[in-house]
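Have a look at the structure below before the remarks.
Side chains are part of it too, since the values below use all heavy atoms of this structure and drop only hydrogens, waters and symmetry mates. In listed order, ligands and their atoms are each counted from 1.
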Amino acid sequence: MGDIISLLPDHVANQIAAGEVIQRPASVIKELLENAIDAKATEIKLLINGAGKTIIQVIDNGIGMSITDVRLAFERHATSKIKSAEDLFSITSKGFRGEALASIAAIAQVEVYTRRAVDEMATYLKISGSKVEGQEAYVAPVGTSIAVKNLFYNVPARRNFLKSDKVELRHIIDEFHRVALTHPEVKFTFMQNGTELFDLPSVNFKKRIANIFGHKIEEKLIPADEMTTVAGIKGFIVKPEFAKKSRGQQFFFVNKRFIKSPFLNHAVSSAFEGLLRDQFHPGYFFSIQIDPKTIDINIHPTKTEIKFEEEQNLYAIIKSMVKHSLGMFQATPVLDFERDPNLDIPYNFQLKPPSNMPSIEVDSSFNPFQNTENGISKASKSSWESLYSGLETPNELSKTDEELKLAIEQTPKVFQLLTKFIVTTTRSGLLIIDQQRAHQRVLYEKFLSSITKRDMVSQQLIFPKEIELTPQQVALFGELEANLNSMGFVVKKNGNLLHITGIPSICDDKQLGQLFEDIFSTQDDQLQLASFSQADYMAKILSKSLSIKSNSNLNILEQQALIDDLFACKDTLTSPFNRKIFINLDKEELEKKLD
Ligand code: ADP
Ligand code: MG
């Protein structure tokens, strides 16, 4: 048998390499934007069509390339940014691997116009699937324009692997945020299908944060700076009371490069300890300057993870810096659980079996969704009072033992456990119900049916609410509007302001701010993918956002109503997010456990 090993042709090698560098349109955008920054551009335009699947174009006013350089730029391992291995330890540019353009040209159709200030004419170059298809002199301004068309046109498997336009667009916006945040001095514009998503003037870091995340964020930021021999840190934390449930506002930049670091994130979180409610995450924007010799950015091909030599020190510095800022600006906890004191049943009374069980009597005309808050049916005032009446007449307790025993055996007992579970007796044992998941299920079915039937009842807000939208939220709103209407929201968009004048009757206006934040959250890809339709997705988001959470006290009537509502659902076993809602401990099992 002859020899069987041969060298791969360049275009095949490039295609394989591309798999590492370019996963999706957002990766192309990251590489092109970073190249423009490295080329010292002061103004960068990003244009995309079809969520980057059809066209991505980046236009910069940077240094441009010569006729020969532009050809070399598309060769693998061709870079102007390092010359030797030592240079790897003092990298100040974004790129250095010389792989991006070669990779992109291997899996797309690329057209470049580029001109240096010293040249009279620009060069035009066209490459598809690593093959040069044309090069000529052209009239164009100084700088570089690169258009990348039909990404993965020659790798159908990868093209099919791309997600919906909406998901891809979110990735693109995330990458855009990261580059734009690190370079506030650079002017950026971003057009999507001919509509402007961002127009960011050249400003400082704080203003850039505001231009991206909405102007209201400026008042929520507290500066946090620290200069040590290990590193210099400049940035902002978001006041604890404005923390979010998503992690969308957590940014570490090291030497102007976005990085992910669970370790350093932990340093910030631990400084916030005790100041945040469950499931809320601190927001922060930190730019860290550190000697390139003390870091290794080479461990990940897409370069979002790095190694620090002085990791432990950096952790301590960040933690104490954040603590200090929180203290300086007296960002003391404003933990406000808005607990209604009426919800608390006096301790002694809780132990007493209700003498007359008002909520269990069946009232066929009772509409559980009328006059409700939290979507949990509220019992009428009179039944409330009758529950309390036993308090005022303690002699009620003097019922005979016989009578009491009878009541206990005939009526299911319900109580709340650890402010997280509702426990109820059944004929054969007991059920332990997770209150949050049960309520999610109830709300989910309610919203889903109202979207399908378009029959949700709205309540008018006495004080209409206004929410400022970021440009990408404005774009997203267009897609969500119809479903929001059929769920009972009365909303109108005016420029970038959303006017809310009506909300579904099972929603509380106090929850509105959080609710819209959750609806517009750009982080929920997983949920998006797991949903079989836009309506399903919306119903899930709403049920998640509006549901009673663990740590909420429910009074006995609310507990009872939740159980009734749950067992009126089509699916009583699992939450909309596929979690078990309750466990059933029956006699047999109990006996087995006690064996
Ligand atoms: P790297 O950025 O790692 O060097 P790339 O493949 O991204 O590798 O780019 C190769 C080279 O092409 C760069 O080193 C740079 O010299 C040149 N180049 C790429 N984009 C631009 C641009 N927008 N303006 C000027 N030169 C560019
Ligand atoms: Mg590059």
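The backbone N or O of Q23 sits less than 3.5 Å from a side-chain atom of S27, completing a donor-acceptor pair. Between the side chain of N193 and the main chain of G50, a donor-acceptor pair closer than 3.5 Å is present. Between the side chain of S145 and the backbone N or O of I59 there is no donor-acceptor pair closer than 3.5 Å. Of the possible donor and acceptor atoms, one in the side chain of N154 sits under 3.5 Å from a partner among the backbone N and O of A106.
When V58, N35, I44 are checked for heavy-atom proximity to atom 5 (P) of ligand 1, N35 turns out nearest. Nearest-heavy-atom check against atom 8 (O) of ligand 1 across G98, S80, G62 picks out G98.
The closest approach between any non-hydrogen atom of E31 and ligand 1 is not below 4.0 Å.
Side chains of E133 and S128: a donor-acceptor N/O pair is present below 3.5 angstrom, by distance only. T189 and E196 form no side-chain donor-acceptor contact under 3.5 Å, judged by distance and modelled atom types alone.
Between T79 and ligand 1, an N or O atom pair is found at a separation short of 3.5 Å.
When non-hydrogen atoms are compared, ligand 1 lies under 4.0 Å from the side chain of A39 (C-beta onward) but not from its backbone. When heavy-atom distances to ligand 1 are checked against a 4.0 Å cut-off, A78 comes that close only through its backbone atoms N, CA, C and O. At a heavy-atom cutoff of 4.0 Å, ligand 1 is contacted by both the backbone and the side chain of L101. At a heavy-atom distance under 4.0 Å, only side-chain atoms of D60, from C-beta outward, approach ligand 1.
Applying the salt bridge (Lys or Arg N to Asp or Glu O under 4.0 Å) test between E168 and each of R24, K53, K163, R159 identifies R24 as the sole match. When each of L169, N49, L47 is checked for a side chain to side chain contact (heavy atoms under 4.5 Å, CB included) with Q192, only L169 meets the rule.
The distance from ligand 1 to the heavy atoms of A73 drops below 4.0 Å at these ligand atoms: 10 (C), 12 (O). Of all atoms in ligand 1, listed by their number and element, those nearer than 4.0 Å to a heavy atom of A100 are 6 (O), 7 (O).
In summary, an N, O or S atom of N35 is located under 2.8 Å from the Mg ion (ligand 2).
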